[in-house]
Each structure stands twice: as C-alpha cells, then as structure tokens.
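The structure under discussion appears below in the form of structure tokens.
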Amino acid sequence: MLFNTENNQSRQYLGEVKVWQSVLEKYRCKNALLKERLSQSILTIDDLSLIEDAEQFQLTFINYEQIIDLLRHDMSLILKNTDKENDDNIADLQKIVYSIGKDISKMLVECDDMKKQVEQFISRTKYYGRLVV
C-alpha cells in the first residue's frame, strides 16, 4: 500500500491533511465574506485611485481562491491515494504533507496580511462616508 492507514505515522499525516483541508475551507469562507464587504464598500466611491485599489484586492482574492482550490484538490488526491498500491512509503507521505503544509502556511500569512490591508481600505471608505451597507 502507498500509505498504510493502519500505521500510526501515516494516520498522523493523514490527520494533518484533514486539518489543512478544514483550515483552507475556513479561509475560503472568510475570504468570500471579506470580498463581499469590499464590493459593498466601493459601490459609491467616486475616487478612481480607490476603485483601482479595490480592483487589485479583487484580483488578489481570485488568485487566493485558485490557490486554495488547488491545494484542497491536492489534499483530496492524497487522501484518495492512501489506499492505492504503490512502492512508495511513509517518507513520501511525510514529504508531501510537509511541502503542502509549508505552502499553506505561507499562503495563510499572505492572506492575513491582505485581510489587514482590505480592512484598512474599507475603514478608509467608511471614514470618507462612501460606504453603503
């Protein structure tokens, strides 16, 4: 078997994959809500530079959504392939989980940074009385 699920180590790694899936789903939902708030904040903005900033944020959201979808897909494949016969061993699962975990951790830091920037942008639009909610 590729990754014997009876093995404690493989169960640990598979558990990590499931945790990462859950974390990514939460971030996907948070980003969707924040994207909606951003959309609402720009409804009556008449300053072109603010609209351009908002468009940049929207593009960044789209990129993160694509990354999240790809990572979730990769993790689904890992879980699906744990029962397939193969010559690989637990070390391969460890490398894969470590690599995906590193990618996810980096992306989550970037998402949190972007969230702060979007929150500041939304606050700015509120301050100038341009927020419609």
- Message: Working to the nearest 0.5 angstrom, can you tell me the gap between D112 CG and M114 CE?
- Response: 9.5 Å
- Item | Connected via hydrophobic side-chain network under 4.5 Å: V17 and Y98 | no
- Query: Is it the case that one hydrophobic cluster holds both I122 and I51, taking links as side-chain heavy atoms less than 4.5 Å apart, direct or via other members?
  - Reply: yes
- Note on the structure: Output for pair (D74 CG, S99 OG), nearest 0.5 Å, gives 9.0 Å
- Message: Quick check for you: to the nearest 0.5 Å, what is the distance between I68 atom CD1 and I104 atom CD1?
- Response: 9.5 Å
- Does anything in residues 30-60 pair up under ring pair (Phe, Tyr, Trp, His ring centres under 6.0 Å), and if so which pairs, sequence neighbours excluded? F57-F121
- Using atom types as modelled and distance alone, determine if a side-chain donor or acceptor of T60 lies under 3.5 Å from a backbone N or O of Q56. yes
- Query: How about E36 and Q40: does a side-chain donor come under 3.5 Å of a side-chain acceptor?
  - Reply: yes
- Check whether any side-chain heavy atom of R37 sits under 4.5 Å from a side-chain heavy atom of L33, and report yes or no. no
- Query: Please, which pairs that meet salt bridge (Lys or Arg N to Asp or Glu O under 4.0 Å) have at least one residue in residues 16-31, sequence neighbours excluded?
  - Reply: E25-R28, E25-R72
- Item | Set of salt bridge (Lys or Arg N to Asp or Glu O under 4.0 Å) partners for E65, sequence neighbours left out | K35
- Gap between atom CZ of R124 and atom OG of S41 - 0.5 Å precision: 10.0 Å
- Message: In this structure, would M107 and L70 fall into the same cluster of hydrophobic residues linked by side-chain contacts under 4.5 Å?
- Response: no
- Inter-residue atom distance W20.CH2 - L71.CG, 0.5 Å rounding: 10.0 Å
- Message: Same cluster or not: L34 versus I62, using hydrophobic residues (I, L, V, M, F, W, Y) connected whenever any side-chain heavy atoms lie under 4.5 Å apart?
- Response: no
- Message: Quick check: closest heavy atoms across I42 and A54, and the distance to 0.1 Å?
- Response: CG2-CB, 3.4 Å
- Task: Could you grab the distance from atom NZ of K102 to atom OG of S105, nearest 0.5 Å is fine?
- Result: 10.0 Å
